[in-house]
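Quick note on labels: first sequence line is chain A, next is B, and so on, each numbered from 1.
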Amino acid sequence: MSLICTVTPAPEEAGLAQLCRKLGIKEMVPPETVINKVIVYPGRNSWSLEVTGGAPIYAAWRLSLEKSLAAALGLTKVEIVPEAAPEENPEKAAAEVPEMGNETETSTAAGDDISEEEYMAQLEKLRQERENQLAAEALAARETKVIMGQAVKEEPVSLEQIADEERSVVVTGRVFNLNRREMRSGRTLLTFDITDHTDSLSVKLFLEKEDEEKASAIKEGTWLMLRGAVQHDNFTQELCLMPRDIMLSPPRGVRLDNAAQKRVELHLHTKMSALDGVSDVAAVFAQAAAWKHEAVAITDHGVVQAFPSAYKAAKKHGVKCIFGVEGYLVDQADEKAESHHIIILAADQTGLRHLYELISLSHLRYFYRKPRLPRAELTRLRQGLVLGSACEAGEIYKAVLAGRSDAEVEALAAFYDYLEIQPLSNNSFLLEQGRVASLDDLRRLNRRIVEIGRRLGKPVVATSDAHYLHPEDEIFRRILLAGQGYAEVENPAPLYYKTTEEMLAEFSYLGEEEAWRVVVEDSRRVAAMIADDLMPVPKGFYPPELPDADKIISAMVHKRAREIYGDPLPQLVAERIDKELAAIIGHGFASLYLIAHKLVKQSVDDGYAVGSRGSVGSTIVAFLCGISEVNPLAPHYICLRCHKFEAITDGSVGVGPDLPRRDCPNCGTPMKRDGFDIPFETFLGFAGDKVPDIDLNFSEEYQLRAHKNTEELFGAENVFRAGTIGTLAEKTAYGYVRKYLDEKGLHRRSAEINRLVAGLTGVRKTTGQHPGGLIILPKGREIYEFTPIQYPANDRESNIITTHFSFDDIHEQLLKLDILGQSGPTMQKMLEDLTGITVDQIPLDDPDTMAIFRGLESLGIAPEDAGGPIGTLGIPEYNTRYVRQMLEETRPKNFAELIGIMGLSHGKGLWLDNAQELVRQGIVPLEKTILCRDDIMLFLIRQGMPAKDAFRITELVRKTGSTISAADEELMLQYQVPRWYIESCKKITYMFPKAHAAAYALNAYWQAYAKVHYPLFFYAAYFSIHAEEFDASWATMSKQELHAKLRALNEKGNAATGKEQGIAATLEVVIEALARGIRFLPVDLYKSQVRRFVPEDGKLRLPLISVQGVGLKAAEAIEQSREERPFTSVEDIKKRCGLSKTVIEVLAAYGCLEHLPETNQLTLF
DNA sequence: CAGTCGTATTTGTTATC
DNA sequence: ATGACGATAACAAATACGACTG
Ligand SMILES: Nc1nc2c(ncn2[C@H]2C[C@H](O)[C@@H](COP(=O)(O)OP(=O)(O)OP(=O)(O)O)O2)c(=O)[nH]1
Ligand SMILES: [Mg+2]
Ligand SMILES: [Mg+2]
Ligand SMILES: [Zn+2]
């Protein structure tokens, strides 16, 4: 391509200020300064801009502007020369300009023909070239950087060649799996793996304190050149590199795209193409940016689930994301119809909405093995869509392959906006299958598509059909396909994301000019049809609105508040209510509260208590609406008779239940003590900088009804179950890799296995439903504005419809009610039914109840029967080894500490190597450590930090997957936050809100109360809920036998399966129950319930389901049939209940059928 | 009567709160 | 034995059985 050497832009297109703005130069430019002429000197490194007009050009700003221009354009020198001024450097111009005359035809006259667009494009091109060069130079400079030891100049050997110990080798590779561990000696052990894509190798490095700084250059993803010894590592039992010399090195095998004008990829799959694509979207856009590709289309098979992360990545890297799909086009909706691949791109907002509707239709109405799309639907929603003919499975390629006539193919092609051609090797399987005779035939097919496109005036675009990013990533897809049982292909199609140059070379058989058109020009033409700045999910927040929800909530809250706190309300209560209502209503949460209230009320009316959960308990409004049992006010006394109110705000008591009992000074009534002292902002943040949900724990038995009720209240068309995306995760990925290697008889080091596993993880496998999240669409909006919809796992039998996107992707825009299932409320209902006591009658300062969190005194059993010295077996959230160990160490005395332990025991990095150490080392007492997320926010605010920052930092700490940045750390230091506090924050990976800890502590305490005072009922309820992990054979075993069983299970340690671990946990409780005098009655065909343990003569009767092998169906069938009439024989029961041979066998083996004859001759006649 | 398909049960794995 | 976040639901696969089909 020729370079301009002298340009005279048209006057209206050549403002200097305009140029500066385009180049991002912020400096002042005198207005109306017009570039008269641009002289480009040979080597293109030096320009002279001849300008006229504008303010006088002072030397000072001119020099500075020249520098900026040079930097922005990537030139060594730019001169701004006023017109009429004498040439500053006449010799240079005179000497060099004639030389350029040879390579360019341009002159002042020719320059007039160049439009500003072209002119700017040229400038941009030069700027980019310069940038590339600078980047290359920077890389070159960096690559020489020695991290440790000496520079390594030798050529490395490839990692696959390393099979034995070696004195000294030189290798190179990309760092992954980086781990840093502090040794007791004070040294740091740095371990990481490197890969050069032929194989991988572990590297082990001991760092002295003084080396740490240098070693910080070793990061995930950096390329290193290393020299050292390969040794057999005793710990890992594998070869391992002990490097002496390490230096940064340029990555090997990196593909560059040096084309002056870049192609646009219009056919690319991500990991959302189920069990097929292995490219990571973020990496795709990073690569696109590195190659300076301006846009990339995301076209997964039938789904658009990559859009949200694609959008984020595209934005981050300044690349345009084209939102598309590779759909399955059918002409009729019947199951036999042949489907054709088709690329559908959204050109604008309407198109995107149409695309979401099409995706929904294809999943809900036309799904048959694949989400198929009838042509009629596509035609109906055609507006805003750009259609491409896709790959060899598209109808155009098929038609051409079948040798259909021009007229026929052109008729088909009329449906599309552009035609696609792909590299020959994408289709070379046709050759292998004998469907075409030669490579030339394949070329002819592509040529024919090009000709048809040209005749019809439609763009013809060369696309990759990328399923992975780089050629070397093919191994991931190979394993993925092998894992599904596909036969391995000899020469798999090279489905990687191609550079412009690779594509130009591939299509060179079309001729240079045509190749350039299909690769560059037409791909850009199609990209230009697509609007910039499309967003997969709109900005903004769309809360549902029920009529008068704000007024209703406000009235309800005030009414209930007055019932408890009297009229007028105490100031503290009134202020809190006012503040909350303003925020809740102001931020659009009133309707959500109202619905939550109605749901709770309905459940309670139906006899099912509802448990509190989540951050919503931080709000007094929730408490007063009945959504939460947690009262977030400061600890206080309240007389429910005369409303005498007294708040304790001096910090002497943590939570209300810990206040000493007291009678009302006015009327002598025992006062209620309440208030868990929780800030409202944990729910909504400050000024609405957070979108929370409302969480509710319904009984599992009631959850489905609660979902139905929500649909009724909002209207089914406005309620959608949040969808989830099931991916190939660690274990399955590992299984695939193992299987692949085993089948091929290959042996790989764990470093290489790790690399392969990492390449596979995250690939979409299936879709599912959120545990309880219902997304509420406001009236008057369409779900397609936000997300497509589908059935979970595409099960058309399901009566649940989920969002296509996972909740996280629409979390900022739409509200969610989390209607979860939990055993707490089921326990509560069972216990209320059995004991006749409701939870509000349970005193929160019962010493015997509190005692089980500290020891065994109130249970009166020995530690060996209680799994240790703490009495919380069977108490939710406090019953694991880990938490009991924590209780043993902390011995909580009161409710506040119970809540603290609840917080500390849930999340990684909170207790071990954190709070525990701080307490042990005497740095702070337990109550001063970080116990819940609210603590962090309040502490930072007390230190003087602005509330918004305090809240933001808290959110970073509390959420899985985020931590505080170096800048935040700096900010904390600025407010005298102690070092230990900062370090503690950095170790926290997840943390409860106090409201949740309080709600769960309450629930646990209520159950503990039953465990202490109503053991038979407690165990009845507990085992009913854990019947799955109960083995009916235990009923007749002695405590010693059960202990032996438990020991056997415990000895399995890590080798125990999930099921076995569950069984072991229940077994511990069984042993404890026995020790407390509980006796079990065996399963009985007539007396046993289906799934509940029931008290019978002071003992517990096992349910049918507790027999292993008797499932729910069988148990229910038995229950039903026995009510009709007694069973007369084994044959009778088998027949009437429809039991399988297996069920009969397990029942017989258990002894249930002993009194029954085998057959029943009597009734035969 | 061999093969296919649907149902029941258990188990492993993943996602989410 | 170690070190350990806990609870819940849903999907897929494995297995076994039994009914249906050609
Ligand atoms: N043990 C444990 N409990 C969790 C975890 N994630 C969530 N929970 C519990 C505690 C949360 O308060 C509760 C509700 O979860 P949410 O995702 O709705 O978060 P939360 O309500 O705390 O904050 P939010 O205001 O909704 O952002 O569920 C977890 O990883 N481990
Ligand atoms: Mg929540
Ligand atoms: Mg939630
Ligand atoms: Zn009183």
Side-chain angles (χ1 to χ4, degrees), chain A residues 611 613-615 692-700 703-704 721-735 761-762 764-773 792-795 798 800 802 806-808 816 818-824 826 875-886 901-913 916 959-960 988-993 996 1000 1003-1004 1025-1026 1028-1029 1047 1050-1055 1057-1063 1065 1105 1107-1117 1134 1138-1146:
Chain A
R613 172 178 202 133
S615 63
D693 60 359
I694 289 184
D695 303 278
L696 295 167
N697 274 345
F698 284 85
S699 160
E700 324 97 305
Q703 188 188 16
L704 197 72
R721 188 76 168 263
T724 60
I725 296 167
T727 63
L728 223 150
E730 201 75 20
K731 288 194 167 159
T732 316
Y734 189 83
T761 52
R764 193 188 82 142
K765 238 177 106 183
T766 178
T767 54
Q769 39 189 317
H770 191 282
N794 293 322
D795 175 10
S798 173
I800 288 165
T802 67
S806 65
F807 170 62
D808 212 30
K816 167 166 69 92
D818 239 334
I819 298 185
L820 295 147
Q822 224 255 354
S823 69
T826 316
I875 301 301
E877 316 281 336
Y878 289 105
N879 72 152
T880 63
R881 288 268 157 84
Y882 176 65
V883 181
R884 280 179 288 152
Q885 167 69 33
M886 204 182 277
I901 303 297
M902 179 63 79
L904 264 186
S905 55
H906 291 84
K908 263 199 242 309
L910 308 190
W911 172 245
L912 298 174
D913 192 32
Q916 185 185 42
K959 281 187 183 150
T960 13
I988 294 168
T989 54
Y990 171 75
M991 186 156 245
F992 275 173
H996 183 79
Y1000 269 43
N1003 178 59
I1025 279 161
H1026 293 89
E1028 293 263 288
E1029 291 107 45
R1047 264 196 307 280
N1050 284 341
E1051 268 158 22
K1052 292 198 176 179
N1054 256 349
T1057 63
K1059 173 82 176 173
E1060 284 171 331
Q1061 286 170 24
I1063 290 221
I1105 199 122
V1107 179
Q1108 300 296 296
V1110 178
L1112 194 59
K1113 299 277 170 195
E1116 279 170 349
K1134 182 169 189 284
L1139 301 183
S1140 73
K1141 204 178 76 187
T1142 330
V1143 173
I1144 292 295
E1145 273 166 15
V1146 292

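Residue-level contact check: A:H770 touches the backbone only, with heavy atoms under 4.0 Å from sugar-phosphate atoms and none from bases. Here A:T989 lies out of heavy-atom contact (under 4.0 Å) with every strand. Within the nucleic acid shown, A:R884 has no heavy atom closer than 4.0 Å to any nucleic acid atom. Using a 4.0 Å heavy-atom distance criterion, A:Y1000 is classed as making no nucleic acid contact. Using a 4.0 Å heavy-atom cutoff across all strands shown, A:A722 reaches no nucleic acid atom at all. Within 4.0 Å (heavy atoms only), A:L1112 reaches sugar-phosphate atoms of the nucleic acid but no base atom. Among the atoms of the strands shown, only primed sugar atoms or phosphate atoms (P, OP1, OP2) are found under 4.0 Å from some heavy atom of A:G1109. Among the protein residues, A:G1111 comes within range of the sugar-phosphate backbone only, with heavy atoms under 4.0 Å from sugar or phosphate atoms but none that close to a base.
Distance CE (A:M886) to P (C:dA4): 11 Å, rounded to an integer number of Å. Spacing between atom CZ of A:R721 and atom P of B:dT16 amounts to 13 Å, rounded to whole angstrom units. In this structure, A:I1063 places its CD1 atom 7 Å from P of B:dT11, rounding to the nearest Å. If you measure from atom NZ of A:K908 to atom C1' of C:dG6, you get 11 Å, rounded to the nearest angstrom. For the pair A:K731 NZ and B:dT11 P, the interatomic distance rounds to 16 Å; values are reported in whole Å. We find that CG of A:L1139 is positioned 14 Å from P of C:dC17, with the value rounded to whole Å. Rounded to an integer number of Å, the gap from A:F807 CZ to C:dA10 P is 18 Å. With rounding to whole Å, A:E1029 atom CD is found 14 Å from B:dG12 atom C1'.
Listed pair A:T727 / B:dT14 fails the phosphate criterion, with no side-chain N or O lying under 4.0 Å from OP1 or OP2. Checking the phosphate oxygens (OP1, OP2) of C:dT8, a side-chain nitrogen or oxygen of A:S823 falls inside 4.0 Å. Listed pair A:T1142 / B:dT9 fails the phosphate criterion, with no side-chain N or O lying under 4.0 Å from OP1 or OP2. Considering only side-chain N and O atoms, A:S1140 lies nowhere under 4.0 angstrom from the phosphate OP1 or OP2 of B:dA8. Regarding contacts with the backbone of C:dC11, a side-chain N or O of A:Q769 is found under 4.0 angstrom from either OP1 or OP2. The phosphate of C:dA7 has OP1 or OP2 within less than 4.0 Å of a side-chain N or O from A:N879.
Nearest heavy-atom pair across A:A1114 and A:L1139 is CB-CD2, 3.6 Å.
Both A:K765 and A:D818 lie near DNA chain B, and the one whose nearest nucleotide falls closer to the 5' end is A:K765. Remark on DNA chain C: of its neighbouring residues A:K1141 and A:G909, the 5'-side contact belongs to A:G909, judged by nearest-heavy-atom nucleotide. Of the residues near DNA chain C, A:F992 and A:K1052, the one whose nearest nucleotide (by heavy atom distance) lies more toward the 5' end is A:K1052.
Ranking C:dC11, C:dA7, C:dA4 by closeness to the A:P792 side chain, first place goes to C:dC11. Each of C:dG18, B:dA15, C:dG6 was ranked by its minimum atom distance to the side chain of A:Y882; first place goes to C:dG6. Distance from the side chain of A:R881 is smallest to C:dA4 among B:dA8, C:dA4, B:dT16. You'll find that the side chain of A:D695 is closest to B:dC17, out of C:dT8, B:dC17, B:dT9. Closest to the side chain of A:A793, out of C:dG6, C:dA12, B:dC17, is C:dA12. The side chain of A:H906 sits closest to C:dC5 out of C:dC5, B:dC17, C:dA7. The side chain of A:Q885 approaches C:dA4 more closely than any other nucleotide in the set C:dG18, B:dA8, C:dA4.
Ion pairing between a basic and an acidic side chain is recognised when a charged N comes within 4.0 Å of a carboxylate O; A:K816 and A:D693 show such pairing.
Using cut-offs of 30° and 60° for the angle between ring planes, the A:F992 and A:Y990 rings count as perpendicular.
In the model, A:T826 has a side-chain atom that pairs as donor or acceptor with a side-chain atom of A:E700 under 3.5 Å.
In this structure, CD1 on A:I800 lies 7.0 Å from CG on A:L704, to the nearest 0.5 angstrom. Separation of atoms CD1 (A:I819) and CG (A:N697) is listed at 11.0 Å; rounding is to 0.5 Å. To the nearest 0.5 angstrom, A:T732 atom OG1 is 4.5 Å from A:K765 atom NZ. The structure places CD of A:Q885 at 10.5 Å from OG1 of A:T880, a figure rounded to the nearest 0.5 Å.
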Original post:
Given Watson-Crick or G-U pairs with both distances under 3.5 Å, what dot-bracket string fits DNA chain C, with | for other-strand pairs and [ ] for crossing?
Top reply: .....|||||||||||||||||
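Counting heavy atoms of neighbouring residues, nucleotides and ligands inside a 6.0 Å radius, atom CD of A:E1145 exceeds 12 of them. Summarising the local packing, CD of A:Q1061 is surrounded by more than 12 heavy atoms from other residues, nucleotides or ligands at distances under 6.0 Å.
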